[in-house]
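Both counts, for ligands and for their atoms, begin at 1 and track the order of listing. Not measured: the values here are computed from a predicted model.
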Amino acid sequence: KEVETQQKLANVVVLATGGTIAGAGASSANSATYQAAKVGIEQLIAGIPELSHLANVRGEQVMQIASESITNENLLQLGRRVAELADSKDVDGIVITHGTDTLEETAYFLNLVEKTDKPIIVVGSMRPGTAMSADGMLNLYNAVAVASSKDARGKGVLVTMNDEIQSGRDVSKMINIKTEAFKSPWGPLGMIVEGKSYWFRLPAKRHTMDSEFDIKTIKSLPDVEIAYSYGNVDGTAYKALAQSGAKAIIHAGTGNGSVSSRVVPTLQALRKDGVQIIRSSHVNAGGFVLRNAEQPDDKYDWVVAHDLNPQKARILTMVALTKTSDSKELQRMFWEY
Ligand SMILES: NC(=O)CC[C@H](N)C(=O)O
């Protein structure tokens, strides 16, 4: 009988990359002061015996780092491993444990480049496992629950934090000192209660199976950088980034991706030199940049990032530039993904 149930359970692989979900502090009162990326994946899985009721779970330590240190090479390495596992008949779902600082970037990257309808869930925690009311255990339990459910197929890369199922495209870390840290301006897709998923909406943008990008054909990612805007800003950072080889610069703009009159001539000149200019917004709860509002994008041949925040705009631009250097194509991709 036990063998029978074993066979009926989905096979889920947990790829561990580090972060607070693998963190450890000196005392249980340390919810914010601790070291990330300390605990191995075997120990994390062993700490949640209830996982074995959800799925046949095995772990792989892909890296052990804090996510602010993730490089493009790390992204490609992780993406390639996810693709290999997704191709395997023995794998039904994939979970990635990740630091929360750049979790939204990795989730969006995988959402663009993984050609599979198998569930891919990226998960982290806001408190280390050693802290009182640590959130990692339930977040990981929920991630495995979603990864092993048939309902989660074809919905793109998902993020399970704070009982919610979020779209990896939309979600962003909005606050760094609460367990209710991850939000999307457009709301969660669903909820998980006691290991069961309840769905309310679906992602509308192209992803995974429906994406024109494929990790298997991406050899490297181009240099795309971000420059932050504010009152009294000038063109120094933009020029320096271009000089150091940036193929595109994400303008992390104010409001509707607005550009200071002191910076406009710099961006016009950089575009003439071949650097792509992407106007995004660093507005806190979710920017939304409209084409030819605030700036004449058609005239300057600039691209707008739609609702993608600067760090997500950087991910799409890198992936897009592996296919095209045409600004019209770039703009199409920003509307579609
Ligand atoms: N809550 C976290 O995971 C943050 C820890 C660390 N800065 C990281 O992103 O990996």
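- With ligand atoms numbered from 1 in the order given, ligand 1 contributes 1 (N), 2 (C), 3 (O), 4 (C), 5 (C) to contacts under 4.0 Å with heavy atoms of Thr20.
- The protein non-hydrogen atom at the shortest distance from atom 1 (N) of ligand 1 is Thr100 OG1, 2.7 Å.
- Among the candidates Lys205, Arg169, Lys312, the single residue satisfying the salt bridge (charged side-chain N to carboxylate O under 4.0 Å, His left out) test with Asp307 is Arg169.
- For ligand 1 and Glu68, the ligand atoms under 4.0 Å from any heavy atom of the residue are 6 (C), 7 (N), 8 (C), 9 (O), 10 (O).
- Atoms of ligand 1 found under 4.0 Å from any heavy atom of Gly19 (numbered from 1 in listed order, with element): 10 (O).
- For the residue pair Glu212 and Tyr337, a side-chain donor N or O sits within less than 3.5 Å of a side-chain acceptor on the partner.
- Side-chain atoms of Asp234 and Thr236 form a donor-acceptor pair, as typed in the model, at a separation below 3.5 Å.
- Ionic pairing of Glu294 and Arg279 is not present here: no N-O contact between side-chain nitrogen and carboxylate oxygen is shorter than 4.0 angstrom.
- Looking at ligand 1, you'll find an N or O of Ser125 within less than 3.5 Å of one of its N or O atoms.
- A salt bridge is absent between Asp301 and Lys272: the closest approach of a Lys/Arg side-chain nitrogen to an acidic carboxylate oxygen does not fall below 4.0 angstrom.
- The shortest N or O to N or O distance between His98 and ligand 1 is not below 3.5 Å.
- The closest non-hydrogen atom to atom 7 (N) of ligand 1, taken over Asp135, Asp101, Thr17, Ile65, comes from Asp101.
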